[in-house]
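First up is the structure itself, then whatever we jot down about it.
In what follows, every chain begins at residue 1, and chains take the letters A, B, ... in the order their sequences are listed. Everything numeric here is computed off the predicted structure, so don't read it as measured data.
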Amino acid sequence: DAMVIQNPRYQVTQFGKPVTLSCSQTLNHNVMYWYQQKSSQAPKLLFHYYDKDFNNEADTPDNFQSRRPNTSFCFLDIRSPGLGDAAMYLCATSRAGQGASSNQPQHFGDGTRLSIL
Amino acid sequence: RKEVEQDPGPFNVPEGATVAFNCTYSNSASQSFFWYRQDCRKEPKLLMSVYSSGNEDGRFTAQLNRASQYISLLIRDSKLSDSATYLCVVNIGSSASKIIFGSGTRLSIRP
């Protein structure tokens, strides 16, 4: 089945130790998103790629970076994780067409739950 | 004002009841609207897209009111399995790709 795959499902890292979360998709969608979701809160958009164009949210900390080396893969790099970065990180994809009204819904991976020691 | 706002609930209703949620959005240029469902510690899953003319999928009905800038979700004959958080999702403005979640409405169905 075509899907969005996130690895790992659970990640534990030490305070300040860089960590990379990965996302791959077989849907051939042109848009990939990274969301951060903390307990009892809505997913918060960190950034997204529309094809190769990177779109960073204004309130996304500089500590968070992303890479999209090709259509299928997208990475979230946290350079120096703090305790406040412990959360579920969700990757999503969608196909955006010409004009916002042609957007298709997002497909989500299972998420990576990040813990900081 | 938040870009997408929802009543957080929780809504606690008996099985078989009808329940409705609203979601307001701030940008009048938004074009794409969705309802997602999220179970505890799981990823959001698409429940339904929301079309201009309104749409129905079994016990679920979605409506869009552009004039007042809100979307709604109606659940009829609620089941225990409907207990979840319901997330309103809107594309922001005319951007084809920027999609924002509302804070979610928690629904609990009691026997």
* Can you tell me how far the OG1 atom of B:Thr85 sits from the CD atom of A:Gln41, to the nearest 0.5 Å? -> 12.5 Å
* Within one Ile-Leu-Val-Met-Phe-Trp-Tyr cluster: A:Tyr35 and B:Tyr86, side-chain cutoff 4.5 Å -> yes
* Would you mind reporting whether B:Glu43 and A:Gln6 have side-chain heavy atoms less than 4.5 Å apart? => no
* Asked: In terms of heavy-atom proximity below 4.5 Å to chain A, should B:Val89 be classed as side chain, backbone, both, or neither?
  -> side chain
* Where B:Phe101 and A:Ala42 come nearest, the two heavy atoms and their spacing -> CB-CB, 4.3 Å
* **Atom OH of B:Tyr51: over 12 foreign heavy atoms under 6.0 Å** => no
* **Atom NZ of A:Lys38: over 12 foreign heavy atoms under 6.0 Å** => yes
* **Heavy-atom neighbours of A:Asp62 CG exceed 12 at 6.0 Å** => no
* Are A:Phe75 and A:Tyr50 connected in the hydrophobic side-chain network, where two residues link if heavy atoms are under 4.5 Å apart? -> no
* **Region of B:Phe33 that comes under 4.5 Å of a non-hydrogen atom in chain A** => neither
* When you look at CZ of B:Arg37, are more than 12 heavy atoms from neighbouring residues, nucleotides or ligands closer to it than 6.0 Å? -> yes
* To do: Verify, without hydrogens or angle tests, whether A:Tyr33 (side chain) and B:Ile99 (backbone) share a donor-acceptor contact under 3.5 angstrom.
  => no
* B:Arg41 versus A:Arg113, closest heavy-atom pair with distance -> NH2-NE, 3.2 Å
* Asked: Relative to chain A, which segment of B:Gln6 carries a heavy atom at a distance below 4.5 Å: side chain, backbone, both, or neither?
  -> neither
* Asked: Do you know which of A:Lys44, A:Met88, A:Glu57 has the most heavy-atom pairs with chain B at a distance under 4.5 angstrom?
  -> A:Glu57
* Given the rule that I, L, V, M, F, W and Y join up when any side-chain heavy atoms are under 4.5 Å apart, are B:Phe60 and B:Phe21 in one cluster? -> yes
* **Gap separating the CD atom of B:Glu3 from the CG atom of A:Leu45, nearest 0.5 angstrom** => 9.5 Å
